[in-house]
There are 2 protein chains.
Amino acid sequence: MARKTGSVGIETAERVLKAASMLFARHGYAAVSMRQIAKEVNLQAGALYNHFETKQSILRALLISHMEALMEEIEAQPEIADPRDALEAFTRFHIRYHIDRPEEVFIAYMELRNLEPGPYREVTVLRQKYERILRDILRRGMATREFAIVDAPVTTMAIISMLTGVNTWFRYGGRLGVDEIENIYVNMVLAVAGTPKPVLRATQNEELA
Amino acid sequence: MARKTGSVGIETAERVLKAASMLFARHGYAAVSMRQIAKEVNLQAGALYNHFETKQSILRALLISHMEALMEEIEAQPEIADPRDALEAFTRFHIRYHIDRPEEVFIAYMELRNLEPGPYREVTVLRQKYERILRDILRRGMATREFAIVDAPVTTMAIISMLTGVNTWFRYGGRLGVDEIENIYVNMVLAVAGTPKPVLRATQNEELA
DNA sequence: TTATTAAATGAACGTTTGTTTAATTAATAA
DNA sequence: TTATTAATTAAACAAACGTTCATTTAATAA
């Protein structure tokens, strides 16, 4: 079949995606050449075309599999009846999931515009499906009067922006660990939903710098 | 001097920046060629080099002038002593300023990595200076015990992400006008700071969709 | 008018781009 | 072993890239 077979080994296609993800995140889709990707996986540029039709299809595979994996993962989460608990769980899930996939998240944001119309719509649909999960939690909390929210769609986008924003500054080994960050954001998200945690409302932990 | 002189007219360099801003925002820095920019201002590619040393210097000019204009504008705002009022003013300023400059904002986020180290640092310094304005407001509110904030730096980033996120979905002519959006975000930001507006805490305006 | 100068053209530069193709390699199936 | 097939290489393709340059154009200054 192939050149080298290290027992099982990771599929070449997967290694290509991994390399492309790293390079696209670092330099941007348009700035990365097929030869750069090939070099990263010790291949010639031409060999990439045994695994992907075009450069575009590599980007498409990255974006769509990222969104599909996100949806699969969140749908595997246990359903939670109480709106406050559901909102807290969503917050923790979003931060944890995104903080460990900075490259994919970055690409999903930045390179959408480089996708052809078809795949672009696919990704957009998946994204809206994800956003609806949060919006429905907010709506449920509004219905039970546990949440005090002025506008559910806007609040949905606000919360997601806030949470995804963690990726722009978080680095492992920094002042705060993931758990601490999760806790801080749970506080803020519940406050945005109009049901702040009573205990922490009064708290005032000061940090330096 | 030049080819055509329409009485005064906008400087060619400014028209180049305008065109580059539009194209970079739409397709990304790396994906836009000097010939595309030139065509947009009815010039040949070579003529651009009478106004800019390199393609890089166009990007640099865009990013730095965007950040400098932002700083100039916010420093021109009146100082507000009360932390809650200052936070509200900051929120309104940030939304208004960014909502009307979607291209520049987008580029400032996405193309930083395409800047050479020198200009990159320049932009980063300006951005941190801007973030410090918000952080200082939060700190002042914590000192007076008006705010209940767990971590000022994290809250600063969370608020800025939340506010800048408006640009990803806002379109003029949509369901909400700028004023309404400002009001909604003021509520959410004050809540994040731990001092929600009492009146609106109990409110529950439902929208459709 | 003439001299000077800034701006623009259009062609060319050497590279690099994504992609294709014929030939070669190595693994599997018969 | 032989035949088949998938994967890879290396070379080539035309097109596009950022940038340079000699030349031309048109405006200003003397």
Side-chain angles (χ1 to χ4, degrees), chain A residues 1-24 26-63 107 111 113-116 118-119, chain B residues 1-24 26-63 107 111 113-116 118-119:
Chain A
M1 253 185 150
R3 268 292 159 79
K4 311 171 187 174
T5 34
S7 60
V8 188
I10 311 174
E11 289 291 337
T12 304
E14 287 181 43
R15 294 174 56 235
V16 170
L17 287 175
K18 192 93 182 165
S21 175
M22 184 266 275
L23 290 169
F24 289 171
R26 194 166 302 179
H27 307 109
Y29 171 76
V32 172
S33 71
M34 292 298 270
R35 285 167 180 83
Q36 278 176 71
I37 298 172
K39 184 170 231 177
E40 199 68 25
V41 292
N42 282 105
L43 247 43
Q44 297 296 322
L48 298 179
Y49 289 83
N50 290 314
H51 307 280
F52 296 92
E53 282 193 2
T54 59
K55 187 186 174 191
Q56 260 284 323
S57 75
I58 297 179
L59 179 61
R60 186 178 59 221
L62 282 176
L63 293 193
I107 296 170
E111 307 296 358
R113 62 183 173 189
N114 284 315
L115 269 189
E116 288 152 1
Chain B
M1 249 183 150
R3 270 291 159 81
K4 312 171 187 175
T5 32
S7 61
V8 189
I10 310 173
E11 289 291 338
T12 304
E14 286 181 44
R15 295 173 56 234
V16 170
L17 288 175
K18 193 92 182 167
S21 175
M22 185 266 277
L23 290 169
F24 289 171
R26 193 166 302 179
H27 307 109
Y29 171 76
V32 172
S33 71
M34 292 298 270
R35 285 168 181 82
Q36 278 176 72
I37 299 172
K39 183 171 232 178
E40 199 68 27
V41 293
N42 282 106
L43 246 45
Q44 298 296 321
L48 299 178
Y49 290 83
N50 289 317
H51 307 280
F52 297 92
E53 281 193 3
T54 60
K55 187 186 173 190
Q56 260 283 324
S57 74
I58 296 180
L59 179 62
R60 187 178 58 221
L62 281 176
L63 293 192
I107 296 171
E111 307 296 358
R113 63 183 172 186
N114 284 315
L115 269 189
E116 287 152 1

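Every chain is numbered from 1, with letters handed out A, B, ... down the list of sequences.
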How many Å lie between NE2 on B/His51 and C1' on C/dA6, as a whole number?
9 Å
Shortest non-hydrogen contact from B/Glu40 toward B/Ala19
CG-CB, 3.6 Å
Whole-Å distance, A/Glu116 CD to C/dG18 P, equals 14 Å
Within this structure, what is the OH-to-C1' distance between B/Tyr49 and D/dT20, rounded to whole angstrom?
9 Å
Which of D/dT9, D/dC17, C/dT19 is nearest the side chain of A/Lys55? It is C/dT19
Find the distance A/Leu43:CG to D/dA10:C1' and express it as a whole number of Å.
13 Å
Contact nearer the 5' end of DNA chain D, comparing A/Thr12 with B/Tyr29:
A/Thr12
Atom pair distance, as rounded to whole Å: CD in B/Glu53 and C1' in D/dG18
14 Å
Of all heavy-atom pairs linking B/Tyr49 and B/Thr54, the shortest is CE2-CA, 4.2 Å
Whichever of A/Arg35 and A/Gly46 has its nearest DNA chain D nucleotide further upstream toward 5':
A/Gly46
Side chain of B/Gln44: nearest nucleotide among C/dG18, C/dG10, D/dT19?
C/dG10
B/Phe52 CZ to C/dA7 C1', in whole Å, measures 14 Å
Would you state whether a donor and an acceptor, one from the side chain of B/Asn50 and one from the base of C/dA6, lie under 3.5 Å apart?
no
Nearest atoms (heavy-atom pairs only) where B/Ser21 meets B/Ile107
O-CD1, 3.2 Å
Paired nucleotide for D/dA30 [Watson-Crick or G-U wobble; both distances under 3.5 Å]
C/dT1
What nucleic acid atoms does A/Val32 come within less than 4.0 Å of, heavy atoms only: base, sugar-phosphate, or nothing?
sugar-phosphate
Considering only C/dT19, D/dC17, D/dT9, which nucleotide approaches the side chain of B/Gln36 most closely?
D/dC17
Does a side-chain heavy-atom distance below 4.5 Å link A/Leu43 with A/Thr12?
yes
B/Leu48 vs A/Ala45, nearer the 5' end of DNA chain C by closest nucleotide
B/Leu48
Over all atoms of both residues, closest heavy-atom pair of B/Leu48 and B/Met34:
CD1-O, 3.3 Å
Send over the distance from B/Glu14 CD to C/dA7 P, rounded to a whole Å.
14 Å
Could you give the NZ-to-P distance, from B/Lys39 to D/dC17, as a whole number of Å?
11 Å
Taking the side chain of B/Thr54 as its heavy atoms from C-beta onward, which of C/dG18, D/dT19, C/dA8 lies nearest to it?
D/dT19
Which listed nucleotide (D/dT9, C/dA7, C/dT17) is nearest to the side chain of A/Ser33?
C/dT17
